[in-house]
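Each residue takes its place number in the sequence, starting with 1. Basis for what follows: all heavy atoms, side chains included, without hydrogens, waters or symmetry-related copies.
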Amino acid sequence: MTRGRSTPLKDPLLTVVMPVYNEAATVAEIVDRVLAVPVRIELIAVDDASTDGSRDLLEELSRKRGFKLLRQEKNKGKGAAVRRGIDEASGDVIVVQDADLEYSPEEYPELIDLIVKGKADAVFGSRFLGRHRCFLFTHYLANLFLNLVTNVLYNTTMTDMETCYKAVRADLLKSIPLRSDRFGIEPEITAKLFKKGARVYEVPITYEGRDYSEGKKITWRDGFPALWTLIKYRFVD
């Protein structure tokens with residue numbers, strides 16, 4: 001259990017784990033935006049065997065900007081990339097950053113504030129509480145349903161379980177055995193944080209969601225594995 005106030009962090013290092021798969025159109029911009037945030041940043045990009053030139057772009061950027069680039073030899077999924085990045089992280093706080101432009105790294109200071117002050121173990125950036133481009137209706141319904149299931153199973157009041165922006169104390173996140181290879185990583189992290197008794201907060205974030213013509217990869221079908229993940233980890237692991 002992790003209840004109780006933790007020691008505030010002085011001059012914390014934020015590890016940003018960035019899974020990348022076929023995001024050549026946006027990856028250079030998001031890397032620049034991440035590294036421009038006025039906090040100490042350790043950026044770890046994990047290329048998941050991209051086929052659109054993303055890997056070449058990342059290799060050039062990593063040489064110029066000095067961040068760590070990890071390469072998956074075959075496509076294993078977002079969860080596998082995130083797990084590898086977490087294993088390599090050396091920061092005090094870890095957050096995942098998708099390589100598209102849906103989430104705003106400029107909001108990192110607000111996202112990690114409660115963790116830095118010792119008041120939270122994890123902070124989720126809620127797309128539903130903040131400013132957002134109107135969602136695809138199917139995704140909106142799926143998110144509402146998965147949030148309801150999360151709240152029933154884990155006795156909480158989460159508004160955005162599926163958010164990519166989950167800032168977590170590094171020592172806590174590294175202590176959790178994560179197993180998901182694909183999009184199930186989001187509900188798995190959520191489930192296991194609550195099972196550990198973590199102090200989880202939500203803050204509003206800006207969300208500029210893409211549609212499928214703009215490269216969005218997750219579909220309504222991914223809701224079924226997410227539902228199973230929430231149920232499974234309520235009772236096992």
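Of all heavy-atom pairs between Ser50 and Asp47, the closest is OG-OD1, 2.7 Å. Contact record, Thr26 with Ala99: OG1-O, 2.7 Å, taken as the closest heavy-atom pair. Residues Phe67 and Ala45 approach most closely at CE1-CB, 3.9 Å, considering heavy atoms. Of all non-hydrogen atoms in Pro109 and Glu106, the two that sit nearest each other are CD-O, 3.4 Å. Minimum heavy-atom separation, Ile44 to Gly85: CD1-O, 3.8 Å. Minimum heavy-atom separation, Ala24 to Leu57: O-CD1, 3.5 Å.
In this structure, Val95 is a member of the same hydrophobic cluster as Leu69, with clusters built from ILVMFWY side-chain heavy atoms closer than 4.5 Å. Under the 4.5 Å side-chain heavy-atom criterion for ILVMFWY residues, no single connected hydrophobic cluster contains both Val34 and Val46.
Between the side chains of Glu42 and Ser90, at least one donor N or O sits under 3.5 Å from an acceptor N or O. Between the side chains of Thr159 and Ser126, at least one donor N or O lies within less than 3.5 Å of an accepting N or O. With hydrogens and angles left out, the side-chain atoms of Ser180 and Glu188 include a donor and acceptor closer than 3.5 Å.
Inter-residue side-chain proximity for Leu173 and Ile86 is flagged as met; some heavy-atom pair is nearer than 4.5 Å. Between Val203 and Leu111 the shortest side-chain heavy-atom distance falls below 4.5 Å. Contact annotation: the side chain of Tyr103 never approaches that of Glu208 to less than 4.5 Å [non-hydrogen atoms, C-beta and beyond].
Remark: Lys174 does not engage Asp87 in a salt bridge, criterion side-chain N to carboxylate O under 4.0 Å. We find that Asp121 and Arg199 are joined by a salt bridge, their nearest charged nitrogen and carboxylate oxygen being less than 4.0 Å apart. Ion pairing between Glu162 and Arg127 fails under the 4.0 Å rule for side-chain N and carboxylate O. A salt bridge links Glu60 to Lys64: one of the charged nitrogens lies within less than 4.0 Å of a carboxylate oxygen. Contact check on Arg169 versus Asp92 returns no salt bridge, with no Lys/Arg side-chain nitrogen under 4.0 Å from an Asp/Glu carboxylate oxygen. Between Arg65 and Asp32 there is a salt bridge, since a side-chain N of the basic residue sits under 4.0 Å from a carboxylate O of the acidic one. A salt bridge links Arg179 with Asp237: at least one charged nitrogen is closer than 4.0 Å to a carboxylate oxygen.
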Using residues 225-236 as the side-chain source, report each donor-acceptor pair under 3.5 Å to any protein atom, sequence neighbours left out, with the distance given to one decimal.
residue, atom, partner, partner atom, Å
Thr229, OG1, Pro225, O, 2.8
Arg234, NE, Leu153, O, 2.7

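Note that Lys166 lies in the cation-pi zone of Phe124, set by a 6.0 Å cut-off to the ring centre and a 45° limit from the axis.
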